[in-house]
Amino acid sequence: MQFLGGNRRKLRLADDQRNACYPHSLQFYLQPPSGNISLIEFENLAIDRVKLLKAVENLGVSYVKGSEQYQSKLEIELRKLKFSYRENLEDEYEPRRRDHISHFILRLAYCQSEELRRWFIQQEMDLLRFRFSILPKDKIQSFLKDSHLQFEAISDEEKTLREQDITASSHSLGGVQLELESVYKIPFADALDLFRGRKVYLENGFAYVPLKDIVAIILNEFRTKLSKALALSTKSFPPCMRQLHKALRENHHLRHGGRMQYGLFLKGIGLTLEQALQFWKQEFIRGKMDPDKFDKGYSYNIRHSFGKEGKRTDYTPYSCLKIILTNPPSQGDYHGCPFRHSDPELLRQKLQAYKIPPSGINQILDLVKGTHYQVACQKFFEMTHNVDDCGFSLSHPNQFFFESQRILSGGKDFKKESVQPETPQPKLSVQRSKDVSSALASLNSSLEMDLEGLEELLQ
């Protein structure tokens, strides 16, 4: 998304295009917005979204969530702030667009601390719960599909076959006749909370969940995805990559050594070839480079690093050892290892900027003085993530990123993967690749902002 100083000229889309952009009044916000937006509209959307979430919080304190008063007053707030709330309304494109963009704006502002993240996630979950509660039943299946949730409503025949078991297991049904209630067949792993409470019928690895209970599973999926996206903060980037990112943002250019080190790191955390071409081109063009010049002079090297040109070698991200021992930076370069290649006083200033306490800075500088560069970076990781012992031996910038993601997203059973330069890079699972790509998409949106207070997120 690009930001303009003047007023934004609204795009005119055909009805089918508008419907394809936002098919529902609620969404999982799986993709960040694209296009142009003025700074004035950016600010107004941010303010309105904060007002909406504050209203959600206040109503949740004043009324029972889901009660008639709560529902009606929240609908009034949504109408007043011109956000989407109900299906089948005329000309819903603009309210849904406002909802989409404003959500991602606040992601950037509220990912800075655990307290802010918790508040933002809770209000967004309550907002999604309200919108889902008024979603027409005939729209639920398409919403689940569009949200990449593999929950399928079972047929009446299947429901009749399992009626006694489902009714006995699902306390939420009460006196409701099962034939009047939709029942969804979902993977057992997605219904663990219901299983722990013995509130669901299981058969052959699947849970049969009534509509009344499905909202809890949907909210849990939403919370998980949003938590992982918010976890992508400045903490997840090791100092060597923060240094490269900062130089790229300031100069809109990196020399070959910097492009290789940073580009392969981004590739390793999930950036696709298409995303890489777009990312580098957008940044270089900001430095007044002609797009044709970029296409002719730089695109080849990016495709080459992905194994699409030359000898078709699929390059892997650089390890700490490779960064420390090879291709030392010269004047005007920003690649390398800050612990190995920075002047001690300059390194001290960087650590102070990263808010490392004086005692911690002295510990790190002592390790650097003893040439223990990787241990110094590991100590930096422990201090920035508030852990006494990170439980691993740091040997790779991408390892730094994934271990940071594990801690920030609260993951317990995270499989540690160390990427070595001499061996093929491990393949990410489909789900993890989606999670990293989604989080990276949020980062890519924030890369394009020059607004005071948001830029520091990525410094």
Side-chain angles (χ1 to χ4, degrees), residues 1-6 8-9 32-42 104-105 108 232 234 236-306 308-309 315 317-318 323 327-338 341-342 346 349-350 353 397 440-459:
M1 175 160 285
Q2 294 181 342
F3 299 88
L4 309 175
R8 182 181 63 87
R9 184 169 59 87
S34 60
N36 299 331
I37 182 174
S38 72
L39 292 176
I40 294 172
E41 185 180 15
F42 179 94
F104 275 91
I105 292 173
L108 299 173
L232 182 60
T234 184
S236 294
F237 278 53
C240 56
M241 301 305 165
R242 291 197 203 187
Q243 178 173 280
L244 285 163
H245 171 72
K246 187 172 185 292
L248 179 63
R249 289 294 287 148
E250 290 176 350
N251 304 321
H252 308 297
H253 187 273
L254 286 175
R255 290 181 177 176
H256 179 74
R259 294 198 304 275
M260 286 297 292
Q261 183 175 319
Y262 193 37
L264 291 176
F265 167 80
L266 292 176
K267 174 187 175 186
I269 67 171
L271 202 69
T272 66
L273 172 58
E274 293 73 20
Q275 289 171 327
L277 288 167
Q278 180 185 8
F279 166 74
W280 289 103
K281 186 173 185 176
Q282 284 180 338
E283 198 58 49
F284 275 42
I285 288 174
R286 286 199 180 92
K288 309 305 179 185
M289 177 179 288
D290 184 82
D292 289 338
K293 181 179 179 180
F294 177 89
D295 291 338
K296 293 175 182 177
Y298 295 90
S299 293
Y300 177 89
N301 288 334
I302 297 171
R303 292 195 300 272
H304 189 273
S305 69
F306 277 81
K308 303 301 182 183
E309 301 286 356
Y315 292 90
Y318 293 167
I323 292 171
N327 190 25
S330 57
Q331 185 69 29
D333 286 328
Y334 295 93
H335 64 273
C337 170
H341 298 117
S342 293
L346 179 60
Q349 292 174 19
K350 289 180 180 178
L440 189 61
S442 297
L443 171 65
N444 289 342
S445 291
S446 58
L447 284 172
E448 298 169 2
M449 298 181 185
D450 292 308
L451 302 179
E452 184 178 356
L454 293 180
E455 179 64 20
E456 65 183 11
L457 294 173
L458 297 169
Q459 287 182 347

Shortest non-hydrogen separation from [X] to [Y] and the atoms involved:
{"X": "Phe306", "Y": "Leu273", "value": "CE2-N, 3.5 Å"}
{"X": "Asn327", "Y": "Gly257", "value": "ND2-CA, 4.1 Å"}
{"X": "Arg255", "Y": "Ser330", "value": "NH1-OG, 4.2 Å"}

Gln261 meets the side chain to side chain contact (heavy atoms under 4.5 Å, CB included) criterion, sequence neighbours left out, with Cys240, Met241, Leu244, Tyr318, Ile323, His335
Taken in chain and number order and not counting sequence neighbours, the residues that satisfy side chain to side chain contact (heavy atoms under 4.5 Å, CB included) with Glu309 are Tyr300, Arg303, His304
**Prompt:** Within the side chain of Asn251, is there an N or O that forms a donor-acceptor pair under 3.5 Å with the backbone of His253?
**Reply:** no
Side chains of [X] and [Y]: closer than 4.5 Å at any heavy-atom pair?
{"X": "Arg249", "Y": "Lys246", "result": "no"}
{"X": "Leu248", "Y": "Tyr334", "result": "no"}
{"X": "Lys267", "Y": "Gln275", "result": "no"}
{"X": "Gln243", "Y": "Ser342", "result": "yes"}

Sorted by chain and number, sequence neighbours left out, salt bridge (charged side-chain N to carboxylate O under 4.0 Å, His left out) with Asp295 holds for Lys281
Interatomic distance, CD1@Ile302 vs CG@Leu264, rounded to 0.5 Å, equals 11.0 Å
Rounded to the nearest 0.5 angstrom, the CE-CG distance for Met260 and Leu254 is 13.0 Å
Close aromatic pair by centroid cut-off 6.0 Å: Phe265 and Phe237
yes
With sequence neighbours excluded, residues passing side chain to side chain donor-acceptor pair (under 3.5 Å) with [X]:
{"X": "Gln349", "value": "none"}
{"X": "Ser305", "value": "none"}
{"X": "His341", "value": "none"}

Across all chains, not counting sequence neighbours, the ring pair (Phe, Tyr, Trp, His ring centres under 6.0 Å) partners of Tyr298 are Phe284, Phe294
Which of Gln282, Arg286, Glu283 passes side chain to side chain donor-acceptor pair (under 3.5 Å) with His252? It is Glu283
